[in-house]
Amino acid sequence: MGLTGNTTARRGCRSAPWVLLTALVCSVQPVAGLAAEPLALQGIMKDMGRNMQAIVDGLSREDYAKAERAALAIADHPQPPVGEKIRVMSFIGGNAPRFKAFDGETHDNAKALARASKSGNGEEAIAAFRKLQSSCLACHQAFRQPFQEHFYGKADIR
Ligand code: HEC
């Protein structure tokens with residue numbers, strides 16, 4: 001009994017440097033990983049992608065309420081935090097108006113799709129969906145790769 005207690009105490013004592021080391025490693029790691037930390041924009045984009053899938057599903061089922069909800073979620077997507085916006089704007093510089101125009105077009109096309117869905121007009125909603133998808137593509141073709149290279153230091157391999 002006494003022996004076990006002793007051993008535990010000694011082990012606890014010997015493990016102290018490890019606790020310190022672990023704490024050190026754990027506190028350093030996030031700093032080291034900072035460079036590759038994904039932008040909040042990337043999370044917003046992932047949600048946009050999921051909402052596009054929800055629209056396809058809504059249109060396939062003629063569930064226009066579902067398509068409308070997802071289109072409105074795209075139109076009113078959240079904004080990245082101010083600090084990130086500043087980073088993004090200082091990177092794109094003179095291309096900022098172009099970037100904002102793509103965002104504006106996407107917003108307008110998503111609104112048009114929401115309206116077409118609300119009215120239950122399948123053909124109109126499908127045509128609006130195509131337009132919306134094209135506005136996503138236009139921005140991706142212009143900006144995705146430069147963002148990937150600048151913020152993550154890699155070429156877009158997806
Ligand atoms: C104003 C420009 C712009 C518009 C408009 C835009 N995107 Fe993006 N999107 C980007 C950029 C920049 C990235 C790369 C972000 C990154 O990797 O951090 C991206 C990345 C993505 C990704 C990949 C996310 C991942 O998993 O890495 C998806 C999915 C996506 N966008 C969906 C959409 C959809 C759907 C729309 C239209 C409804 C859209 N985007 C409209 C700029 C835009």
Side-chain angles (χ1 to χ4, degrees), residues 19-158:
V19 171
L20 258 172
L21 200 74
T22 310
L24 204 87
V25 168
C26 291
S27 64
V28 165
Q29 230 167 17
V31 177
L34 210 78
E37 186 84 1
L39 295 171
L41 178 76
Q42 195 176 91
I44 295 167
M45 287 295 155
K46 281 184 202 286
D47 281 345
M48 301 250 260
R50 277 189 281 270
N51 279 312
M52 289 299 268
Q53 286 169 12
I55 292 165
V56 171
D57 191 56
L59 294 179
S60 304
R61 295 173 196 278
E62 291 164 278
D63 181 349
Y64 294 112
K66 180 176 182 174
E68 185 195 0
R69 266 196 312 277
L72 288 175
I74 290 173
D76 305 320
H77 69 78
Q79 300 287 319
V82 178
E84 181 174 303
K85 272 192 177 175
I86 293 169
R87 272 176 80 202
V88 165
M89 287 305 150
S90 68
F91 165 58
I92 58 182
N95 278 317
R98 209 167 153 232
F99 189 82
K100 284 181 180 162
F102 283 137
D103 193 38
E105 269 167 45
T106 301
H107 170 88
D108 294 349
N109 290 337
K111 281 279 196 196
L113 172 52
R115 274 195 304 275
S117 300
K118 191 176 182 159
S119 70
N121 187 330
E123 285 301 340
E124 214 176 277
I126 290 166
F129 178 79
R130 185 197 170 283
K131 253 184 115 176
L132 174 60
Q133 186 91 73
S134 294
S135 55
C136 310
L137 178 66
C139 190
H140 292 156
Q141 284 178 332
F143 288 101
R144 195 203 306 250
Q145 198 174 335
F147 268 60
Q148 295 262 321
E149 285 168 3
H150 179 78
F151 291 106
Y152 313 115
K154 63 176 181 197
D156 184 10
I157 48 165
R158 274 170 294 180

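Please read all numbers here as calculations on a predicted model, not as lab measurements. In listed order, ligands and their atoms are each counted from 1.
- Listed by atom number, the atoms of ligand 1 under 4.0 Å from Ile74 heavy atoms are 38 (C).
- Of all atoms in ligand 1, numbered sequentially from 1 with element shown, those under 4.0 Å from a heavy atom of Met52 are 35 (C).
- Ring planes of Phe143 and Phe99: perpendicular class, angle over 60° (limits at 30 and 60°).
- Coordination check, Met48 versus atom 8 (Fe) of ligand 1: failed, since every N/O/S atom of the residue sits at 2.8 Å or beyond.
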Under 3.5 Å, side-chain donor or acceptor atoms of residues 55-68 against the rest of the protein: list the pairs with distances, not counting sequence neighbours.
residue: Asp57; atom: OD1; partner: Arg61; partner atom: NE; Å: 3.0
residue: Asp57; atom: OD1; partner: Arg61; partner atom: NH2; Å: 3.3
residue: Asp57; atom: OD2; partner: Arg61; partner atom: NE; Å: 3.0
residue: Asp57; atom: OD2; partner: Lys66; partner atom: NZ; Å: 2.7
residue: Ser60; atom: OG; partner: Val56; partner atom: O; Å: 2.8
residue: Asp63; atom: OD1; partner: Lys66; partner atom: N; Å: 3.1

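- Between the CG atom of Leu132 and the CG atom of Leu113 there is a distance of 6.0 Å, given to the nearest 0.5 Å.
- For the pair Glu84 and Gln79, the minimum side-chain heavy-atom distance is 4.5 Å or more.
- Among the atoms of Cys139, no N, O or S atom falls under 2.8 Å of atom 8 (Fe) of ligand 1.
- Of the candidates Leu137, Val88, Leu41, the one placing a heavy atom closest to atom 11 (C) of ligand 1 is Leu41.
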Check: Yes or no on salt bridge (Lys or Arg N to Asp or Glu O under 4.0 Å) for Arg50 and Asp47, after CA distance, side-chain angles and deciding distance?
Finding: CA-CA 5 Å; Arg50 277 189 281 270; Asp47 281 345; 2.7 Å; yes
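- Taking 4.0 Å as the cut-off between side-chain N and carboxylate O, Lys111 and Asp108 do not count as a salt-bridged pair.
- The shortest N/O to N/O separation between Ser135 and ligand 1 does not fall below 3.5 Å.
- Heavy atoms from both the backbone and the side chain of Met45 come within less than 4.0 Å of ligand 1.
- Every residue meeting the side chain to side chain contact (heavy atoms under 4.5 Å, CB included) condition with His140, not counting sequence neighbours, appears here in chain and number order: Met45, Cys136, Arg144.
- Contacts between Phe99 and ligand 1 below 4.0 angstrom, taking non-hydrogen atoms only, involve backbone and side chain alike.
- With a 4.0 Å cut-off on non-hydrogen atoms, Tyr152 touches ligand 1 through its side chain and not its backbone.
- At under 3.5 Å, not a single nitrogen or oxygen of Arg144, backbone or side chain, sits near a nitrogen or oxygen of ligand 1.
- Here the side chains of Thr106 and His77 are not in contact, with every heavy-atom distance at 4.5 Å or above.
- Against a heavy-atom cut-off of under 4.0 Å, Phe147 is close to the following atoms of ligand 1: 12 (C).
- For ligand 1, the polar-atom distance check finds no N/O of Asp103 at less than 3.5 Å from any of the ligand's N/O atoms.
- The proximity of Glu105 to ligand 1, defined as any non-hydrogen pair under 4.0 Å, does not occur for either the backbone or the side chain.
- Contacts between Lys100 and ligand 1, counted as non-hydrogen atom pairs separated by less than 4.0 Å, are absent for every part of the residue.
- Put simply, the side chain of Arg87 reaches to within 4.5 Å of the side chain of Phe151, judged on heavy atoms.
- Counting only non-hydrogen atoms, the option in His140, Gln145, Gln148 that gets closest to atom 30 (C) of ligand 1 is His140.
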